[in-house]
Visitor: 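Below you'll find the structure I mean.
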Amino acid sequence: MKETQTLETKKNSERSTERICGSEAVIKCLIAEGVDVLYGYPGGAIMPVYDELFKYQDQIHHVLTRHEQGAAHAAQGYARISGRVGVAMATSGPGATNLITGIADAQIDSTPLVCITGQVPSHLLGSDAFQETDIVGISTPVTKWNHQVTRAEDIPEVIAKAFYIAKSGRPGPVLIDITKNAQFGELDFKYEKCTGVRSYIPVPKTAPESLQAAADLINRAKKPMIVWGQGIILGEAEAELKAVIEKAGIPAAWTIMGASAIPTSHPLNVGMVGMHGNYAPNVLTNECDVLIAIGMRFDDRVTGDLNTYAKQAKVIHFEIDPAEVDKNVKTDVAVLGDAKASLQALLPLLNENSHTDWLQEFRKLYDIEFEKVIKHDITPTKEGLTMGEVLREINKQSGGNAAIVSDVGQHQMIACRYSEFNKTKSNITSGGLGTMGFALPAAMGAKMAEPERDVVAIIGDGGFQMNIQELGTIFQTQIPVKIVVLNNEFLGMVRQWQQLFFDKRYASTEMTNPDFITIAKGYHLETKRVTKREELAGAVEEMMASEGAYFLEVCVEKEDNVFPMIPSGASVSDIRLS
């Protein structure tokens with residue numbers, strides 16, 4: 001009987017392997033991981049993989065971006081809206097180095113990417129061969145893991161490990177560099193998904209005593225406040241967060257990366273924290289008695305001066321990455337683990353409560369902000385159009401159901417402040433790295449991942465020109481994304497700082513722009529330019545109704561500023577309304 005089982009096992013093993021080249025193995029691995037879209041740019045060192053990809057066009061859709069940075073950002077957009085791993089591919093040398101900005105962006109924003117680069121043959125490594133670059137060395141500081149493959153037989157195991165590491169625990173980018181000889185070499189192909197890596201613990205075990213200590217502090221609190229970040233979205237813990245804040249009656253604010261996890265209209269959603277966040281949650285951070293941070297890392301743009309940040313409060317930190325605990329803000333209770341599981345376990349330990357008087361303090365400060373800032377941003381009080389008016393009109397016409405992909409600058413802050421979100425994964429932006437040029441390619445990726453959703457890119461005239469070439473990708477691939485360029489003919493955020501802190505010395509921030517409409521028409525996009533208030537509603541309606549890609553340029557006030565604002569290095573209590 002044993003002998004029969006051994007023969008059967010051997011036969012099954014033989015049937016499960018096939019003799020193929022390394023480059024075909026790469027494609028088969030991607031298919032096994034469920035990859036349906038791949039963003040990239042071919043070149044000599046990755047050409048064998050592209051040759052095999054040609055045979056599998058019916059299983060993987062390759063999108064030829066116009067720049068490798070665009071490929072990385074497109075993969076990010078795909079990952080951020082879908083929750084799946086985004087994949088980008090490039091050749092060696094400049095192709096690989098052009099991916100680095102997108103990889104660094106993904107690393108700091110915890111976006112799961114697998115990037116595959118070609119490399120010169122093994123025998124030429126270290127010889128300064130044509131288009132040889134030590135991409136493993138270059139990418140080490142900005143990847144969760146990276147690896148160079150020099151043998152064809154190692155490809156399946158390395159790719160399986162890459163996908164597991166990219167998605168598990170706190171997500172992040174992984175880079176695999178494959179030498180050309182490994183692509184040409186042969187192997188007996190068999191693919192097994194990775195389910196664990198020795199010494200790598202993606203989700204730390206949650207200590208029951210830490211949950212109880214957190215619950216005790218929350219139940220005794222008179223002025224509790226939650227600040228949630230992207231950890232809620234990455235952990236798919238939106239329902240659990242909503243249940244916690246509703247049961248305990250706790251006002252909850254969000255970081256830029258956490259936006260949309262809870263609908264904007266929720267009565268306990270008190271707005272955005274941070275440098276250009278809402279007045280109430282910033283000021284009251286320094287008045288709460290218990291601060292509950294969930295899936296956020298206490299970034300400097302959130303905390304301002306650490307010496308004055310929430311010193312009166314007991315701090316509870318729910319976090320999947322132990323390295324983030326006590327890194328910036330000293331915590332009283334750290335709850336390690338996955339946000340979804342931790343909040344599920346916390347919920348029965350909480351008392352039902354309502355903090356009506358405390359919540360009213362948020363509402364009073366909101367009223368002050370509305371009178372001094374918000375109503376001037378979203379209502380026509382000036383001759384020229386404001387960025388806030390444009391976002392208000394997009395909200396109205398999309399019903400708060402669109403995914404908003406913003407670039408970096410004043411328009412980004414306006415988009416985060418004034419977009420209405422009814423669905424999670426609706427705010428896609430470059431948070432930690434602040435990468436201009438992010439939005440156009442990221443919007444392409446987001447739309448391809450969720451073709452049934454409206455995806456609107458909100459971009460400044462400066463950032464738009466950093467990856468303007470991706471209009472070619474949109475044209476060739478027919479991606480029906482909506483592109484809104486808010487044109488103030490300035491690098492607006494830098495200009496604002498120059499106005500406020502450098503005596504209006506506008507050094508190298510005024511833009512002499514090309515005719516964006518003519519450029520967009522050159523890529524055969526539907527286009528419209530808006531210069532007057534009475535044109536805005538009709539133009540947005542036309543854009544949202546369009547079945548294809550649409551380019552809308554809105555000429556806005558040149559020297560509008562974004563308030564509130566916490567000056568760099570100041571306390572959150574020092575937030576300025578003007």
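What's counted below: heavy atoms across the whole structure, side chains too, no hydrogens, waters or symmetry copies.
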Visitor: Hey, what do you get for CG (L346) to CG (L350), rounding to the nearest 0.5 Å?
Guide: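 If I round to the nearest 0.5 Å, the distance is 4.0 Å.
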Visitor: Y164 versus Y200: any side-chain heavy-atom pair under 4.5 Å?
Guide: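 Heavy-atom side-chain distance check passes, below 4.5 Å.
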Visitor: Could you verify whether a donor N or O on one side chain and an acceptor N or O on the other, from T379 and R392, lie under 3.5 Å apart?
Guide: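 No donor-acceptor contact under 3.5 Å links the two side chains.
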Visitor: Could you grab the distance from atom CD of Q410 to atom CZ of R495, nearest 0.5 Å is fine?
Guide: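 Answer for the CD-CZ pair, Q410 versus R495, is 5.5 Å.
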Visitor: Distance-only, no hydrogens or angles: does the T206 side chain make a donor-acceptor pair with backbone N or O of L336 under 3.5 Å?
Guide: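 Yes, T206 side chain to L336 backbone: donor-acceptor pair under 3.5 Å.
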Visitor: List the atom of D305, the atom of S571, and the distance in Å for their closest heavy-atom pair.
Guide: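 That would be CB-N, 4.0 Å.
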Visitor: Under 4.0 Å between a side-chain nitrogen and a carboxylate oxygen: does that hold for D321 and R170?
Guide: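 Counted as a salt bridge, because a side-chain N and a carboxylate O are separated by less than 4.0 Å.
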Visitor: Is it true that T386 and D560 share a donor-acceptor pair across their side chains at a distance under 3.5 Å?
Guide: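 Absent: no donor and acceptor within the cut-off.
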Visitor: Quick one: OG on S568 to CH2 on W497, what's the gap to the nearest 0.5 Å?
Guide: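 Going from the OG atom of S568 to the CH2 atom of W497 covers 4.0 Å.
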Visitor: Is it the case that more than 12 heavy atoms not belonging to Q397 sit under 6.0 Å from its CD atom?
Guide: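 Counting other residues, nucleotides and ligands, CD of Q397 exceeds 12 neighbours.
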Visitor: I need the minimum non-hydrogen distance between V562 and Q496, along with the two atoms involved.
Guide: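 It is N-OE1, 2.8 Å.
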Visitor: Will you find, in the side chains of D326 and T331, an N or O donor that is under 3.5 Å from an N or O acceptor?
Guide: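 Distance-only check passes for D326 and T331.
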Visitor: Please check if the number of heavy atoms outside E383 that lie under 6.0 Å from its CD is greater than 12.
Guide: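 Incorrect, the count does not exceed 12.
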Visitor: Could you please spell out the steps behind the ring pair (Phe, Tyr, Trp, His ring centres under 6.0 Å) verdict for F298 and H317?
Guide: CA-CA 10 Å; F298 291 110; H317 195 176; 5.1 Å; yes
Visitor: State whether the number of non-hydrogen atoms from other residues, nucleotides or ligands found under 6.0 Å of K314 atom NZ is greater than 12.
Guide: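 Atom NZ in K314 is not packed in, count stays at 12 or less.
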Visitor: Can you tell me if CG on L500 sees more than 12 non-hydrogen neighbours from other groups inside 6.0 Å?
Guide: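 Yes, the 6.0 Å shell around CG holds more than 12 heavy atoms from other groups.
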Visitor: side-chain contact (heavy atoms from CB on, under 4.5 Å) with L359: which residues, sequence neighbours excluded?
Guide: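 Here the qualifying residues are P251, L268, V270, R363.
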Visitor: Any chance you could measure L391, atom CG, to S398, atom OG, to the nearest 0.5 Å?
Guide: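 L391 atom CG to S398 atom OG measures 9.5 Å (nearest 0.5 Å).
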Visitor: Between E324 and K327, is the closest basic N to carboxylate O distance under 4.0 Å?
Guide: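 Between E324 and K327 there is a salt bridge, with a charged N closer than 4.0 Å to a carboxylate O.
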Visitor: What distance do D407 atom CG and H73 atom NE2 have between them, rounded to the nearest 0.5 Å?
Guide: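 That separation rounds to 8.5 Å.
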Visitor: Is it true that the side chains of E389 and Y418 contain a donor and an acceptor less than 3.5 Å apart?
Guide: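 No - no donor-acceptor pair under 3.5 Å links their side chains.
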Visitor: Between D299 and R301, is the closest basic N to carboxylate O distance under 4.0 Å?
Guide: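 Result for this pair is no, no salt bridge flagged.
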Visitor: Between E246 and K242, does any NZ, NE, NH1 or NH2 come within less than 4.0 Å of an OD or OE carboxylate oxygen?
Guide: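 Yes, K242 and E246 are salt-bridged.
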Visitor: Within the 3.5 Å criterion, strictly below it, is a donor on T264 or E420 matched to an acceptor on the partner's side chain?
Guide: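 The answer is no; no qualifying pair exists.
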Visitor: Can you list every salt bridge (Lys or Arg N to Asp or Glu O under 4.0 Å) pair that touches residues 79-88, not counting sequence neighbours?
Guide: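 For residues 79-88, and leaving out neighbouring residues, the salt bridge (Lys or Arg N to Asp or Glu O under 4.0 Å) pairs sorted by first residue read D36-R84.
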Visitor: Taking everything shown except F502 itself, do over 12 heavy atoms lie less than 6.0 Å from its CZ?
Guide: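 No, not enclosed.
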Visitor: Once side-chain hydrogen bond (donor to acceptor under 3.5 Å, both in side chains) is applied, what residue pairs with a partner in residues 333-343 remain, sequence neighbours excluded?
Guide: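 Found E240-K340.
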Visitor: Strictly below 4.0 Å, N to O, side chains only: are R417 and E369 in salt-bridge contact?
Guide: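 Yes, this pair counts.
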Visitor: Above 12 or not: heavy atoms from other molecules or residues under 6.0 Å from NZ of K396?
Guide: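 12 or below, so no.
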Visitor: If every non-hydrogen atom of S406 is compared with every non-hydrogen atom of F438, which pair is closest and at what distance?
Guide: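 Here S406 and F438 meet closest at O-CD2, 3.7 Å.
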Visitor: More than 12 heavy atoms of other residues, nucleotides or ligands under 6.0 Å from NZ of K558: yes or no?
Guide: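 For K558, atom NZ is crowded (more than 12 foreign heavy atoms under 6.0 Å).
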Visitor: Counting only N and O atoms by type, is there a donor-acceptor contact under 3.5 Å from the side chain of N487 to the main-chain atoms of C555?
Guide: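 Checked: no pair found.
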Visitor: Go through it in stages, so that I can follow the logic: the residues are Y279 and F370, the test is ring pair (Phe, Tyr, Trp, His ring centres under 6.0 Å), and I'd like the CA-CA distance, side-chain angles, deciding distance and then a yes or no.
Guide: CA-CA 9 Å; Y279 188 54; F370 184 86; over 10 Å; no
Visitor: Distance alone, cut at 3.5 Å: any donor-acceptor contact between the side chains of E450 and S82?
Guide: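 There is no such pair between these side chains.
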Visitor: Distance from N351 atom CG to N353 atom CG, nearest 0.5 Å?
Guide: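 Spacing of CG (N351) from CG (N353) equals 7.0 Å.
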Visitor: Classify the side-chain pair T435/D105 by whether it contains a donor and acceptor separated by less than 3.5 Å.
Guide: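 There is such a pair between these side chains.
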